[in-house]
Amino acid sequence: MSVFRRTAVVAAMALTVGALGAPPASAQPLVEVASLPTAAVALGDSFISGEGAGSYTPVTDLNGVAQSFPGWSAPNSNAFFCHRSANASLHRADLPGIQARFNLACSGGQPHDIAAASAARTNGRQVTAQLDQLRTVAQTHDIDLVLVGLGSNNSSFTFGSVAEKCANRFIADAWTGWWEFWAYLGGPVPQEPCTTTDLATSAQLAAATTETTNAVRQLLTTLDQIDADGQHRIVFQDYTNPLPLDLEVKFHEEDSRSDTRDKFRALGAERYAGGCPIHRASLAPGHFFSQGLGTLVKSVHTTMSAEFPGDDLVYLNVQRAFDGARLCEQSTSPTGALATPIRLQDGPTGVFVTSLSGYDKLDIQRIANTCGTYFQTCQESWHPNVAGHAVLGQCLTGAASSGNRAVSCVRSSDGRISVG
């Protein structure tokens, strides 16, 4: 609600009070709404928190201690690794009438984390429930806008595990020949491209939809209880794929080898440098997965709109927001792309490996293991970068001001962003 509209509501209440006499005690706080600064709040996971955009701010942990960067070898459960960025879309959007912004999202966030502390689940970070954090904001601010990004991580699958699976298969295929399975690695290493069922089955997507719906129901119920004037818009944002439907021709083959040949190290190194170490055959399943996440978020919006008919709910489709600027969609990638390339470290050094040229399979295995042991060294991979979050900020600007209940944010061939 704008400052103007909120003041008008308070004035109307004052006129009513004058006509009917003194209000009951329970109504008294409403008259004080005009004195509260307005706020926009972000809840959810990494695509909302600002993962990939750098400039990460300290995050308060379960003990009320603000955690700054703890070092690359610190436990990944540290609250700082929620990676709440000053460049997140919430902070880049043009939101007239909003006086304060609070990023409560957390990279890796799941539906569980809305009403419960994420530390209570496996691999969760040391932060309180996002609803508890929201209640704290509501004590001092009138919440007018809530951006929610939820569903890509859940009890059935996570975005990180999906990305890791497809990238690892490509890297293994590029550097390890089929005949080396037993001789060097003691057993088979998956090397085939990802399929749709490798990423998420229909049953898993259905379970994730139910899980996300239940979490959002708790969010809406809480908001209706704690928001100072009861007026707020909630934007449900879905996800955009960091990779194109097909790679630019430069990345199709190298040294006369494509990714359908046995071992293709030069091509593997080239795609890693471009930010897209993945089989071409994995791209279509990846987009099917992204579309499934969009369907999930749209379903949650539809269900909640029916259950909370008085609430102002908007579905923001951003699946085409990065069109023409995805990783390896142009020959200059990762330059000009709107997503962060996959980047690994050789140990928790803070120095990213930008080229895999000259590394043998044992080197590759060591580097890949760093990501598994110290996930914070690679968790930015395949998330929107600073420019990507700026685009998502434009998408949010449009959704916040639109009169429609569902809008799509699309990037045209000349780079312009339209929301409608």
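This structure is a prediction, so every number in the text was calculated from the model and none was measured.
At least one donor-acceptor pair under 3.5 Å links the side chain of S381 to the backbone N or O of R343. D360 contributes a side-chain N or O that, together with a main-chain N or O of L362, makes up a donor-acceptor pair within less than 3.5 Å. A donor-acceptor contact shorter than 3.5 Å links the side chain of N103 to the backbone of S49. For the pair H383 (side chain) and P242 (backbone), a donor-acceptor distance under 3.5 Å is absent. Judged by distance alone, with hydrogens and angles left aside, the side-chain atoms of S333 form a donor-acceptor pair with the main-chain N or O of G274 at under 3.5 Å. Between the side chain of T373 and the backbone N or O of N369 there is at least one donor-acceptor pair closer than 3.5 Å. Checking side-chain atoms of Q330 against main-chain N and O of A337 turns up no donor-acceptor pair under 3.5 Å. Listed for the T340 side chain is no donor-acceptor partner under 3.5 Å among the backbone atoms of N385. Of the possible donor and acceptor atoms, none in the side chain of D224 sits under 3.5 Å from a partner among the backbone N and O of T221. The backbone N or O of G52 sits nowhere less than 3.5 Å from a side-chain atom of H83 that would complete a donor-acceptor pair.
Side-chain contact check for R217 and N214: at least one donor-acceptor pair (N or O, by modelled atom type) lies under 3.5 Å. Q376 and N78 share no donor-acceptor pair across their side chains, judged by distance under 3.5 Å alone. Remark: the S152 side chain and the D45 side chain contain an N/O donor-acceptor pair separated by less than 3.5 Å. Side-chain atoms of R121 and S155 include no donor-acceptor pair closer than 3.5 Å. Using a 3.5 Å distance cut-off with no hydrogens or angles, the side chains of T377 and Q345 do not pair a donor with an acceptor. Judged by distance alone, the side chains of Q126 and D61 never bring a donor and an acceptor atom under 3.5 Å apart. Residues Q319 and Q291 bring no donor and acceptor atom of their side chains to less than 3.5 Å of each other.
The environment of NZ in K165 is crowded: more than 12 heavy-atom neighbours from other residues, nucleotides or ligands sit within 6.0 Å.
Proximity of the aromatic rings of F47 and F159 is defined here by a centroid distance below 6.0 angstrom, and this criterion is met. Checked against the 6.0 Å centroid threshold, F264 and F170 count as a close aromatic pair.
Partner of D259 under the side-chain hydrogen bond (donor to acceptor under 3.5 Å, both in side chains) criterion, chosen from R271, H252, R280: R271.
With salt bridges taken as basic N to acidic carboxylate O contacts below 4.0 Å, none links D255 and R257. Remark: D173 does not engage K263 in a salt bridge, criterion side-chain N to carboxylate O under 4.0 Å.
The two residues S256 and E253 have their closest heavy-atom pair at CA-OE2, 4.4 Å. Contact record, L396 with L145: CD1-CD2, 4.4 Å, taken as the closest heavy-atom pair.
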